[in-house]
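Order of the sequence lines sets the chain letters (A, B, ...), proteins ahead of strands, with each chain counted from 1.
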2 protein chains.
Amino acid sequence: MSKHVKEMGVLKEHLGKHQLKFTRQRELILDAFLKQEHITAEEMYHQLARKDPHLGLATIYRTLNLFCEAGLAQARHFGTQTQYDNISHKGHHDHLICTGCGKIVEFENCDIERLQEEVASRNGFTIHTHRLELYGLCSPCRR
Amino acid sequence: MSKHVKEMGVLKEHLGKHQLKFTRQRELILDAFLKQEHITAEEMYHQLARKDPHLGLATIYRTLNLFCEAGLAQARHFGTQTQYDNISHKGHHDHLICTGCGKIVEFENCDIERLQEEVASRNGFTIHTHRLELYGLCSPCRR
DNA sequence: TCTTTTATTGAGACGGTTTATCAATTTCAA
DNA sequence: TTGAAATTGATAAACCGTCTCAATAAAAGA
């Protein structure tokens with residue numbers, strides 16, 4: 001009895017469309033993923049090791065990438081690792097990233113989103129998702 | 001006789017401050033770098049292979065990182081690689097990406113940029129660069 | 001200039017992250 | 001229940017970027 005009915009449905013629909021199969025591992029990983037705001041494959045590997053010690057790291061990577069294709073996750077490369085963001089967690093959030101210390105501040109701005117829609121429709125596009133990252137220095141790093 | 005007098009001066013000042021040396025390789029790499037808007041170490045390696053076949057990849061990496069410390073460049077993790085952005089290059093553009101056919105439309109929007117600055121300063125950040133990508137379907141793909 | 005000191009270079013080894021391989025297993029439609 | 005097809009886990013391999021180190025080049029001193 002999962003709590004993530006809606007997202008499970010999104011996943012199943014994606015699987016059905018692409019002749020992929022619904023497996024115990026995919027269900028387990030999705031449940032764990034949806035509890036996070038963002039996570040790396042390595043973190044999830046250790047986190048799930050207790051529930052299923054035989055779950056392979058490769059499966060985690062494959063599954064998180066599958067979630068990206070299904071529109072449930074979004075990959076973000078930071079430093080040497082890849083962060084997988086949970087799209088449905090807080091709706092969508094954008095990032096302010098300090099290139100000095102690596103600090104990440106999340107934000108949401110309706111006006112920007114509205115302007116994005118405007119740009120898109122002016123070009124005949126319908127937006128499904130977006131990525132906005134602002135890189136700079138936070139005040140401590142600026143000195 | 002280099003055309004990049006100002007940036008060469010910035011580099012030399014940084015070198016002087018840190019007891020580092022001005023070398024033929026650093027001059028060569030800076031000249032090549034300033035002609036680009038952004039470039040990866042690998043790309044630069046191949047590009048410079050003609051001028052100096054013995055220039056090592058490690059030197060390119062070291063030098064591009066040096067430029068970041070000197071404030072001439074900024075590293076950005078894009079996909080699996082690191083892009084080095086030319087700070088002094090102003091023509092920034094954002095992307096509309098069709099997930100159906102892969103078409104990419106470039107755009108620029110001053111209002112969005114202004115709002116980004118607002119968000120940043122509200123959080124005490126100074127933006128150096130940003131990345132905005134809108135994913136969706138173009139009108140041919142929507143049908 | 002010549003000498004001395006110190007930083008830099010190039011080549012390859014190395015380490016961490018992610019993907020590819022493949023036999024065994026599981027899913028699911030018939 | 002059966003069988004085709006997808007998935008898994010373990011590990012090898014690929015990939016990117018950094019580190020190591022002997023040889024070299026740049027700056028500073030005499």
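In terms of polar N and O atoms assigned as donor or acceptor, the side chain of R62(A) comes within less than 3.5 Å of the base of dG9(D) in a complementary pairing.
The interatomic distance linking M44(B) (CE) with dC16(D) (P) rounds to 17 Å, in whole Å. Atom pair K12(A):NZ and dA6(D):P shows a separation of 20 Å (rounding to whole Å applied). Look at CG on L28(A): it is 15 Å from C1' on dG9(D), rounded to the nearest Å. Regarding L57(A), its CG atom lies at a distance of 14 Å from the C1' atom of dA20(C), rounded to whole Å. Atom P of nucleotide dT7(D) and atom CD of E69(A) are separated by 11 Å, given to the nearest angstrom. Atom pair I29(B):CD1 and dT8(C):C1' shows a separation of 11 Å (rounding to whole Å applied). Rounded to an integer number of Å, the gap from H77(B) NE2 to dT17(C) C1' is 13 Å. Rounded to whole Å, the distance from NE2 on H54(B) to C1' on dA23(D) is 15 Å.
In this structure, H95(A) and H38(A) have perpendicular ring planes: the angle between them is above 60°, well past the 30° mark.
Note: I29(B) CD1 to L64(B) CG = 6.5 Å, rounded to the nearest 0.5 Å.
Taking 4.0 angstrom as the limit, N65(A) places none of its side-chain polar atoms (N or O) nearer than this to OP1 or OP2 of dT18(C). Contact annotation: T82(A) side-chain N/O to dT18(C) OP1/OP2 distance is under 4.0 Å.
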Anything under 3.5 Å between a protein N or O and an N or O of nucleotides 25-29 of chain C, put it in a table, one pair a line.
from, atom 1, to, atom 2, distance (Å)
dT27(C), O3', F22(A), O, 3.4
dT27(C), O2, K21(A), NZ, 2.7
dC28(C), OP1, F22(A), N, 3.0
dC28(C), OP1, F22(A), O, 3.4

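Between M8(A) and L34(A) there is no side-chain heavy-atom pair separated by less than 4.5 Å. Contact check for L96(A) versus C98(A): no side-chain heavy atoms found under the 4.5 Å cut-off. With a 4.5 Å cut-off on side-chain heavy atoms, R26(B) and L15(B) count as touching. N109(A) is not listed as a side-chain neighbour of L132(A), based on a closest heavy-atom distance of 4.5 Å or more.
L137(B) and I97(B) sit in two unconnected hydrophobic clusters of ILVMFWY residues. Membership requires side-chain heavy atoms under 4.5 Å apart, directly or through other members.
For the pair G56(A) and A41(B), nearest-nucleotide mapping onto DNA chain D gives the more 5' position to G56(A).
The C1' atoms of five pairs define one axis at each end of the helix from dT1(C)-dA30(D) to dA30(C)-dT1(D), and these two axes lie 30° apart (to 10°).
Closest of all the heavy-atom pairs between G56(B) and Y45(B) is C-CE1, 4.0 Å.
Side chain of R76(A) to main chain of R131(A): no donor-acceptor pair is present (N/O by atom type, distance under 3.5 Å, no hydrogens or angles). Between the side chain of D85(A) and the main chain of I87(A), no donor-acceptor pair closer than 3.5 Å is present.
Each of dC16(D), dT7(D), dG9(D) was ranked by its minimum atom distance to the side chain of Y61(B); first place goes to dC16(D). The side chain of T59(A) lies closest to dT8(D) when the candidates are dG16(C), dT8(D), dT9(C).
Using a 4.0 Å heavy-atom distance criterion, T80(B) is classed as a sugar-phosphate-only contact.
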